[in-house]
Number of protein chains: 2
Amino acid sequence: MGRPRIKDVAEYAGVSAKTVSNVLNDYEHVSEQTRTAVREAIDALGYRVNIAGRQLRRGRTGVIALAVPELDIAYFAELAKHVMAETERRGSTTLLLETGGRRERELAAVHGFDAQFTDGVILSPLALQPRDLAGRDTRLPLVLLGECNPPGSADHVAIDNVTAAREATEHLLARGRRRIAVVGGDLRGPQNTSRLRTVGYQEALSAAGLPVPEELVLPVPAFRWADGAAAARTLMRLPQRPDALLCLNDHLALGAVRALHEDGWSVPGDVEVVGFDDIEATRFSIPTITTVAPDKPGIARRAVELLLDRIDAGGPGGPAVDETAGHRLIVRESSGG
Amino acid sequence: MGRPRIKDVAEYAGVSAKTVSNVLNDYEHVSEQTRTAVREAIDALGYRVNIAGRQLRRGRTGVIALAVPELDIAYFAELAKHVMAETERRGSTTLLLETGGRRERELAAVHGFDAQFTDGVILSPLALQPRDLAGRDTRLPLVLLGECNPPGSADHVAIDNVTAAREATEHLLARGRRRIAVVGGDLRGPQNTSRLRTVGYQEALSAAGLPVPEELVLPVPAFRWADGAAAARTLMRLPQRPDALLCLNDHLALGAVRALHEDGWSVPGDVEVVGFDDIEATRFSIPTITTVAPDKPGIARRAVELLLDRIDAGGPGGPAVDETAGHRLIVRESSGG
DNA sequence: GCCGCCATTTACATCGATGTAATCCTATGG
DNA sequence: CCATAGGATTACATCGATGTAAATGGCGGC
């Protein structure tokens, strides 16, 4: 025998299918007696609602998607934990997708097949272009995390990246460092996270009356350990080597520290290192890593809140919201803490 | 206007709804002309099938669940990457769930609400009891990763944990270590991963004619950095301190290394350390960590294959399969590599 | 010129749950 | 004792896609 349907429960309890449905949905006008009988029937048959049927009728799935570039970048894994906890707390389920930072996969999360399963999407974009969101189907609510070009095209939650990078740079300056490199920095690309943080770095240098040496702003192909290691080696081979590295995420910082160690440089003695994200590894690495800690629970909570509000509102709702989450610099051994 | 339905496409193309459905499902007896007309209508209206309707009719979702203990344990994030890549390659979608290693959440993945969305579940259990799978609804295919008590209760993919732990221990013995502790070890608990690896450890010691000092087998509350650090401190305070730590995952190893460093012990000089899982961090930490590398792509591929085969088969299918995935010891700095 | 075959297309019922609106029923007031 | 309010329950249609079986139509063969 297949799974019991609502009709089977109804027959067992001697009521109509709709009454069972009413019990399931906590409709108020159901007598205590009927309610009990139905509950017993449900238990006896081991009935559970069929999501497909419900979704078809209601037009909602109760599932939201969270699309991040890479799960094995710890920041995204930690963020995903918080988002999942928050959606669960609010009675929804999270469908976690990995985009690999590839534009076509980011688009798919918003427009494509996977979007079918969901009532809304939280996307942490890397490659998305401004025009990609232009013709967007506004029936599917979207919240963007981190940076993206077109402000106002969708709800958006991020830390103040310019300020965060400025503060991190000021910290290094205050410690007497003068040749500070940016690993993963970018002066010319789109208005993304790298760009904004590099701007904050420039601001700090300028405010201190220092020039911004272009050769110290080094883009990387990806934000992983190996990229940080390679970048550190490149930078240390410059005629005038840096005395500090501002790494735009913690994996780059950890990779850089490893490469410096292999090549005989001491951290923080010869070179100080700062990262971004405050992943768990930075509290246990040798040395521990100074890092900009974004308020991950706050980002997750706010993103889920915004998304569920849009979903509940139904229509396109009000204008896009821009939210700034908190951050703080945590000084650890890699910059003398 | 809402989203276009199959009926809208049918009207636009001047055919019946069923013909559109036939085109969508690549039914062979559709004239080239009609097929083209329908395709054009689909493009013109921006139609995409409604998953709920299809699922209701077909009884399949095209989604499989992958339930792991913690996403921020890098091993599970890396494994999830492989599983997601594999399911995508085979035309399915993965719903990633986090159980926190809690029994009720593991049960929910197999029996509960989330299982509703899926055609089958891949579960990496921590707390599941033998009896939990006894009354299982066999209509939902299940593949277990890692260890679980009742062999034969579901398909199962794992490395040979006993052998792997024995080899790791033999490596430490061969390097002259004699007081080898097991961080996360367990001699009395259920037949889980910890237990099996501890057995392998015992085998190696016994084969070398050494006693198995019970105080060196130290269970941990969780398999995270902090637990490794705490365990290392406990062990180093013993009257007869260990000269090597076999840590049952890499996070424990990394945490232990950090604690040893803080307390002034050198690794590998005073204490050698070995981990399990070969997470990316072990290739970049200071020192790099010797570790048992399971064949993660192989595990993922085989698990997905087994699950999709069961799903395609429909019924309960044949008896449960036990698959052993490969592993190898990678020697790095933490044990003198 | 009629028949039957086969490729193509369609009408209709169906999957399971729920919104709508109608019906039934009981208690209360006049 | 009837009217009526409103709580409790139900019949029916519906969400969107697809399986079934039947209808349509073109073509070759006798």
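Every heavy atom of this structure was used, including side-chain atoms; hydrogens, water molecules and symmetry mates were not. So that the names make sense, note that chain A is the first sequence line, chain B the second, and so on, each numbered from 1.
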Considering only C/dA11, D/dT10, C/dA17, which nucleotide approaches the side chain of B/Ser16 most closely?
C/dA11

Provide a list of protein-nucleic acid N or O atom pairs under 3.5 angstrom, restricted to nucleotides 19-21 of chain C.
residue	atom	partner	partner atom	Å
C/dG19	O4'	A/Arg57	NH2	3.4
C/dG19	N7	A/Lys18	NZ	2.6

Axis deviation across the helix from C/dG1-D/dC30 to C/dG30-D/dC1, five-pair ends, to the nearest 10°:
60°

Salt bridge or not for A/Arg105 and A/Glu98, using N-O below 4.0 Å?
no

Does D/dT9 have OP1 or OP2 sitting under 4.0 Å from an N or O in the side chain of A/Thr34?
yes

If a pair satisfies side-chain hydrogen bond (donor to acceptor under 3.5 Å, both in side chains) and one of its residues is in residues 49-69 of chain A, list it, with sequence neighbours excluded.
A/Asn25-A/Arg58, A/Thr61-A/Asp119

Between C1' on C/dT18 and CG on A/Leu24, what's the gap in Å once rounded to a whole number?
10 Å

In whole angstroms, the gap separating P of D/dG7 from CD of A/Glu32 amounts to 16 Å

Go nucleotide by nucleotide along DNA chain C from the 5' end; which of B/Ala17 and A/Ile6 gets its closest nucleotide reached first?
B/Ala17

Rounding to a whole Å, what distance do you find between B/Arg5:CZ and D/dT18:P?
15 Å

Applying a 4.0 Å non-hydrogen cut-off, can you work out what A/Val20 is touching in the nucleic acid: base, sugar-phosphate, or nothing?
nothing

Categorize A/Ser31 for me: base, sugar-phosphate, or nothing, with a 4.0 angstrom heavy-atom threshold over every strand shown.
sugar-phosphate

In terms of side-chain geometry, is the basic nitrogen of A/Glu40 or A/Arg35 positioned less than 4.0 Å from the acidic oxygen of its partner?
no

I want to confirm an ordering. Mapping B/His29 and B/Gly53 to their closest nucleotides on DNA chain C, which one lands closer to the 5' end?
B/His29

For A/Arg48 versus A/Arg3, what's the shortest heavy-atom pair and its separation?
O-NH2, 3.3 Å

Of the listed C/dT10, D/dA17, C/dA17, the closest approach to the B/Val15 side chain comes from C/dT10

Would you check, one step at a time, whether the test side chain to side chain contact (heavy atoms under 4.5 Å, CB included) holds for A/Arg310 with A/Val143?
CA-CA 10 Å; A/Arg310 292 267 177 210; A/Val143 173; 5.8 Å; no

Side chain of A/Arg54 only, please: which of D/dA17, C/dT18, C/dA11 is the nearest?
C/dT18

Please list, chain by chain and in numerical order, all residues satisfying salt bridge (Lys or Arg N to Asp or Glu O under 4.0 Å) with B/Lys296, sequence neighbours excluded.
B/Glu78

Does atom CD of B/Glu104 have more than 12 heavy-atom neighbours from other groups under 6.0 Å away?
yes

Summary of ring-ring contact (aromatic ring centres under 6.0 Å, His included) pairs that have at least one residue in residues 24-76 of chain B, sequence neighbours excluded
B/Tyr27-B/His29

Which whole-number value in Å describes the distance from A/Arg60 CZ to C/dA17 C1'?
16 Å

Interatomic distance where NZ belongs to B/Lys7 and P belongs to D/dT14 [whole Å]:
9 Å

What integer distance in Å separates B/Leu45:CG from D/dG16:P?
14 Å

For A/Leu56 and D/dT18, give me the distance from atom CG to atom C1', rounded to whole Å.
12 Å

Could you tell me how far apart A/Glu11 (CD) and D/dT10 (C1') are, to the nearest whole angstrom?
15 Å

Note: A/Arg103-A/Glu106 ion pair, threshold 4.0 Å (strictly below):
no

List for me each residue that meets side-chain contact (heavy atoms from CB on, under 4.5 Å) alongside B/Glu323, sequence neighbours excluded, and say none if there are none.
B/Val157, B/Arg302, B/Leu306, B/Val321

Give B/Tyr47 one of three labels, base, sugar-phosphate or nothing, depending on what nucleic acid heavy atoms sit under 4.0 Å from its own.
sugar-phosphate

